[in-house]
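First comes the structure, then the notes that go with it.
Computed over heavy atoms, backbone and side chain alike; hydrogens, waters and symmetry mates excluded. As the structure lists them, so they are numbered: ligands from 1, and atoms in each ligand from 1. Remember, predicted model here, so these are calculated numbers, not experimental data.
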Amino acid sequence: MFARFVLLLLAGSILMAQELPVRWDELVASDWKRALELSKGTCLLPIGILEKHGPHVPVGSDLFHATYISREVAKREYVVVFPEYFYGQIYEAKYGEGTFALPPALISKLLQATLDEIARNGFKKILIYSTHGGNPHWLRFFVQSQLDKKRDYVVYYYDPAPDTAFLEQLSKIRKTPLAGDEHAGERETSSMLAIRPDLVKMDRAGDEDGSDQKRLADMPNIWTATSWYARFPNHYAGVGSAATAEEGKLLVEHGIGALVKVVRGVKDDQTTPKIQEENYRRQLK
Ligand SMILES: [Zn+2]
């Protein structure tokens, strides 16, 4: 009897999750309370960027990845997904057509104001998921700076480390080396073929050189604004022509599976909010 009750409850919550849109912009106001309950007050903020992606994949590639993966994740583990967000660090690609780079102080101000508004709407846990390789340094600093002022919400930033076991498995179907496959190369072109094949111009993938030029290789452990650009001056790193939708599907599915676990962990996390409160309490007045 108890098992049947639990099953009914489970079926009920799955049904509830299915009925309720996962996208913030698709929810109706009268469903907000249910969305807050089901998400345990957690909002997922996918961050992409608008930047050149070699000669063949769209400037919004990171945005397509971030939003597609997040929305698929939310269908498996309910969380409210914030609409398209594409403001971040991309100054090294201002020379490329379609790149959208707002001033540095503004991107931080905009992100903080966005988080404040998300929290004002009841989400006290906000999980940032960025698919853009130029964002991690900025986002880590940004998240660290949350302790500067008392806030009634916690910001989590998911920055996945490479999954070597998965990459090894992937190497069986890959055509090019993993090293140097960083931007619009085999991996990213493959996953675009899985997500939005209609936007990929495979016949142009060989029009530019995506190989590592190693122009600052004699300056190890030095960071400059042009460190990455020096290696890949076409904002293209890898071999896009080697891409396949088959590899892309594996990559996307792997990304979804990993993020589902992260979302579950954040929803259930009782510790971080308490530790954050403790830290605020101990700050000298
Ligand atoms: Zn990208």
Side-chain angles (χ1 to χ4, degrees), residues 45-73 84-102 107 128-140 157-163 166-167 170 174 176-202 204-212 227-245 247-256 258-259:
L45 171 60
I47 300 187
I49 204 87
L50 301 178
E51 62 171 328
K52 183 189 176 192
H53 271 79
H56 62 295
V57 281
V59 294
S61 289
D62 294 5
L63 185 62
F64 287 116
H65 279 94
T67 50
Y68 178 82
I69 290 173
S70 295
R71 289 165 190 168
E72 287 303 306
V73 163
E84 281 80 359
Y85 194 96
F86 50 82
Y87 319 101
Q89 188 300 115
I90 189 53
Y91 309 108
E92 67 273 29
K94 281 180 82 169
Y95 68 90
E97 295 86 348
T99 298
F100 184 80
L102 295 176
I107 59 167
I128 293 176
Y129 170 51
S130 166
T131 49
H132 169 50
N135 272 346
H137 296 293
W138 165 58
L139 283 175
R140 277 175 185 267
Y157 168 43
Y158 173 48
D159 187 14
D163 182 340
F166 169 71
L167 291 175
L170 200 67
R174 281 181 56 84
T176 63
L178 274 167
D181 182 14
E182 294 182 30
H183 184 75
E186 181 177 338
R187 266 189 293 180
E188 199 171 14
T189 306
S190 292
S191 44
M192 275 311 292
L193 284 176
I195 296 173
R196 288 296 305 268
D198 55 313
L199 301 177
V200 182
K201 317 286 181 199
M202 281 304 274
R204 299 185 208 166
D207 288 359
E208 288 177 7
D209 185 3
S211 63
D212 190 344
S227 289
W228 197 84
Y229 169 82
R231 295 172 61 201
F232 304 107
N234 295 321
H235 219 61
Y236 183 15
V239 183
S241 56
T244 62
E247 181 178 346
K249 280 179 191 137
L250 291 172
L251 282 159
V252 170
E253 189 51 42
H254 182 263
I256 293 169
L259 186 55

Partner set under side-chain hydrogen bond (donor to acceptor under 3.5 Å, both in side chains) for R204, not counting sequence neighbours
none

At a cut-off of 2.8 Å, what protein N/O/S atoms sit near the Zn ion (ligand 1)?
H53 NE2, D62 OD1, E188 OE2

Please identify each residue that fulfils ring-ring contact (aromatic ring centres under 6.0 Å, His included) with H53, with sequence neighbours left out.
H183

Those residues at least two apart in sequence (or on a different chain) that pass ring-ring contact (aromatic ring centres under 6.0 Å, His included) with Y91 are none

For the residue pair W228 and F232, does the interplanar ring angle fall in the parallel (under 30°), tilted (30 to 60°) or perpendicular (over 60°) class?
tilted

Quick one: does any side-chain atom of Q89 pair with a main-chain N or O of G134 as donor and acceptor, under 3.5 Å?
yes

Derivation and outcome, ring pair (Phe, Tyr, Trp, His ring centres under 6.0 Å), residues Y157 and Y129
CA-CA 6 Å; Y157 168 43; Y129 170 51; 9.5 Å; no

